[in-house]
Amino acid sequence: MVQCLAPDGTVVREDLLPDPETRLHLYRQMRRARHFDERGWVLYRQGRLGVFPPFGGMEASQVGTAAALTKDDWLFPTYRDTGAALTLGLPIARTLAYWRTSPHGWHMPADLKVLPFYIPIATQYPQAVGAALAEQRQGTRNVAMAFIGDGGSSEGDFHEALNFAGALNAPCVFILQNNGWAISVPTRHQTKATDLSRRADGYGIPGVRVDGNDALATYHVTREAVDRARSGGGPTLIETVTYRVKPHTVADDPSRYRTDADNAGWDAKDPVTRLRTHLLAAGLMTEQSEAELLADIAAEFEAALAEADSYPEPTPAEILDHVFAEPTPQLKKQRAEILAEHAAQDSAQNSAQNSKEQA
C-alpha cells in the first residue's frame, strides 16, 4: 500500500512529496471539506439541511484524488463525495441547496463538469466511461473520474465499466473508496477479497492501493493515473483505504451494527491531523497562519450559507426544469398539469380567505 506520511505525520517516502504549494493547497481543501461536514451536522439538527451522508475522516481520500483534476475534467461523485466536488470547485451555496433538496442545487454550474451526487449504487461508473470516450473522440486530453465505495465494487456496473474502459482504452480514473462499510455491512462480509485494487487485474488495467488517510500519497498516485490517462495510457483503478468514522447518514445509528473494536485505532489515523503535523514540522505552516486559514474558511462558509438562505422558495413545476436540456412532450404535459393544479389551489385558498374576511 502506497504511503507518503505515517499516521504521526513523519515522512516515509521523500520521493512522493509534492511541492510546498500543493501540500498547502491540499490542507486548505481538506479543512474546507471538514468544515462543511461539521457545519452540516449543526444545520441538520437545526432543520436547515436535509439528511446527508457525512464524510468526516475521509477528506484525504476525496481531496487528494479530486485535486489531481482540472475544471476541464469530469467528476462523477457518489452521495458521500461532497468533499471531492467542493475541491473541484462546486460552490458551497449550491452544495447546501442540493442537500436542502432545493432546485437551486439540482443543476451544476455551466463551467464545471460535475454530475449531481449519485444516489444509486455504481451506475456512475459506466456513465463516466461514456464521458471519457466522448472526450477521447473529440480529441481532447480531458479525463473522467468516478467514485465508488467498497460495497459498490460488488455491483455489476462496476465490473462492466472496468471491462468497457479497458477494452476501449478510455481516459478514465476509477476511485474505489474502501471505507470499511457498505451501509451496515462490513467489507469482510460482503466480499472475500482483501485487496480490492486487484480487481483491476481481471480487466487488464493498472490497479493501485493507497493509504486513503494520507493526502500526499493519494494525490501522488492519482496524479500519475490522471497523467497516464491524458497521454493515452488508458484507465486506472485506485483503491483508497480509509474508514467511515461517521454514521452512514446523519440519521443513522452506527452503534446498532458497529462496535468499539471496529473503530479502534482510526482516530489516530485522522487525515487532517496527519497533514497538519507534517506541515507544522516542515515549517510550511505556523499556528498563526493556520488560525488565519481557519478563519477564512469559516467566513467563506457563512457567506455561502447566507447566499443559500437567500434563494427564493421553489415553485412546484421546478421539479421538472433540469431533467432534460430540451423538455420532452411528456415533461411539457406534466408541467402544464402541475401549474394548473397549483393555480387551482391558489384560487381555492384566495376564495376561502375572501369568504373569511367577508364573514
Participant: Does the side chain of R256 reach to within under 4.5 Å of the side chain of D253, using non-hydrogen atoms?
Facilitator: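 Yes, side chains in contact.
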Participant: Taking 4.0 angstrom as the limit, do D211 and R274 come out as a salt bridge?
Facilitator: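 Between R274 and D211 there is a salt bridge, with a charged N closer than 4.0 Å to a carboxylate O.
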Participant: How are the rings of H159 and Y203 set to each other: parallel, tilted or perpendicular (split at 30° and 60°)?
Facilitator: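 Geometry flag for Y203 against H159: tilted rings.
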Participant: Which pair of heavy atoms, one from A217 and one from C4, lies closest together, and at what distance?
Facilitator: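 For A217 versus C4, the nearest heavy atoms are CB-N, 3.5 Å.
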Participant: What pair of heavy atoms forms the shortest contact from P126 to F164, and how long is it?
Facilitator: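 Between these two residues, the closest heavy atoms are O-CE2, 4.4 Å.
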Participant: Before giving the answer on side chain to side chain donor-acceptor pair (under 3.5 Å), spell out for S153 and R199 the whole-Å C-alpha distance, their side-chain angles and the decisive distance to 0.1 Å.
Facilitator: CA-CA 9 Å; S153 70; R199 289 184 165 171; 2.7 Å; yes
Participant: What's the separation between atom CZ in R80 and atom OG in S61, rounded to the nearest 0.5 Å?
Facilitator: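 Going from CZ on R80 over to OG on S61, the span is 11.5 Å.
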Participant: Do the side chains of D309 and R48 get nearer than 4.5 Å, heavy atoms only?
Facilitator: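 Yes, at least one pair of side-chain atoms sits under 4.5 Å.
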Participant: Using side-chain heavy atoms (C-beta onward) and a distance below 4.5 Å, is D81 in contact with Q177?
Facilitator: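 A side-chain contact exists here, since the closest heavy-atom pair is under 4.5 Å.
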Participant: What verdict does the side chain to side chain contact (heavy atoms under 4.5 Å, CB included) test give for L69 and L75, after you've listed the backbone C-alpha separation in whole Å, the side-chain angles of each residue and the deciding distance to 0.1 Å?
Facilitator: CA-CA 9 Å; L69 300 177; L75 182 67; 4.2 Å; yes
Participant: From the options T22, V11, L26, select the one residue that forms a side-chain contact (heavy atoms from CB on, under 4.5 Å) with L216.
Facilitator: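 For L216, the side-chain contact (heavy atoms from CB on, under 4.5 Å) check succeeds only for L26.
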Participant: Which heavy-atom pair separates R28 from L293 by the least distance, and what is that distance?
Facilitator: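 Closest heavy-atom pair between R28 and L293: NH1-CD1, 3.0 Å.
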Participant: Nearest heavy-atom pair of A60 and P271: which atoms, and what distance?
Facilitator: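 Answer, listing the atom of A60 first, then P271: CB-CB, 3.5 Å.
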Participant: Describe, in one word, how the ring planes of Y118 and F76 are oriented to each other, choosing from parallel (under 30°), tilted (30 to 60°) and perpendicular (over 60°).
Facilitator: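 The rings of Y118 and F76 sit tilted, inter-plane angle from 30° to 60°.
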Participant: What's the spacing between M1 CE and R209 CZ if we round to 0.5 Å?
Facilitator: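 Those atoms lie 6.0 Å apart.
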Participant: Supply the atom-to-atom distance E21 CD to L284 CG, rounded to the nearest 0.5 angstrom.
Facilitator: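 These two atoms lie 11.5 Å from each other.
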Participant: Please identify which of these residues, W106, F117, F36, meets the ring pair (Phe, Tyr, Trp, His ring centres under 6.0 Å) condition with Y98.
Facilitator: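 Only one option passes, and that is F117.
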Participant: Under a 4.0 Å N-O cut-off, is there an ion pair linking K269 with D214?
Facilitator: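 Between D214 and K269 there is no salt bridge, as every charged N stays at least 4.0 Å from the carboxylate O atoms.
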Participant: Given W99 and Y44, is the side chain to side chain donor-acceptor pair (under 3.5 Å) satisfied, shown in steps?
Facilitator: CA-CA 10 Å; W99 290 117; Y44 169 73; over 6 Å; no
Participant: With rounding to the nearest 0.5 Å, note down the distance linking OG1 in T78 to CD1 in I148.
Facilitator: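 Between atom OG1 of T78 and atom CD1 of I148 there are 8.5 Å.
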Participant: Would you say M285 and I297 are hydrophobically clustered, going by side-chain heavy atoms of ILVMFWY under 4.5 Å?
Facilitator: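 Shared cluster, yes.
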Participant: For the pair Y243 and D267, evaluate side chain to side chain donor-acceptor pair (under 3.5 Å) and give the outcome as yes or no after the intermediate values.
Facilitator: CA-CA 10 Å; Y243 192 73; D267 284 343; over 6 Å; no
Participant: Measuring from H220:NE2 to L17:CG, what's the distance to the nearest 0.5 Å?
Facilitator: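 CG of L17 is found 10.5 Å from NE2 of H220.
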Participant: Check whether D150 reaches the backbone of N179 with its side chain - one donor and one acceptor, N or O, closer than 3.5 Å.
Facilitator: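 A pair under 3.5 Å: yes.
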Participant: Hey, can you tell me if W41 and F52 have their rings parallel, tilted or perpendicular (30° and 60° cut-offs)?
Facilitator: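 Perpendicular: the ring planes of W41 and F52 meet at over 60°.
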Participant: Could you go step by step and tell me if R31 and Y27 meet the side chain to side chain donor-acceptor pair (under 3.5 Å) rule?
Facilitator: CA-CA 6 Å; R31 277 296 193 180; Y27 187 69; 2.9 Å; yes
Participant: Honestly curious: do I121 and I119 fall in one hydrophobic cluster under the side-chain, below-4.5 Å linking rule?
Facilitator: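 Yes; I119 is reachable from I121 via cluster members.
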Participant: Taking 4.0 angstrom as the limit, do R276 and D270 come out as a salt bridge?
Facilitator: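 Answer for the salt bridge query: no.
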Participant: May I ask you to test the P109-P91 pair for a side-chain heavy-atom distance under 4.5 Å?
Facilitator: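 Touching, per the 4.5 Å side-chain cut-off.
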Participant: Can you tell me how far the CG atom of D37 sits from the CD atom of E59, to the nearest 0.5 Å?
Facilitator: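 D37 atom CG to E59 atom CD measures 6.5 Å (nearest 0.5 Å).
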Participant: Can we say R244 and D262 salt-bridge, meaning some charged N sits less than 4.0 Å from an Asp/Glu carboxylate O?
Facilitator: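 No, R244 and D262 are not salt-bridged.
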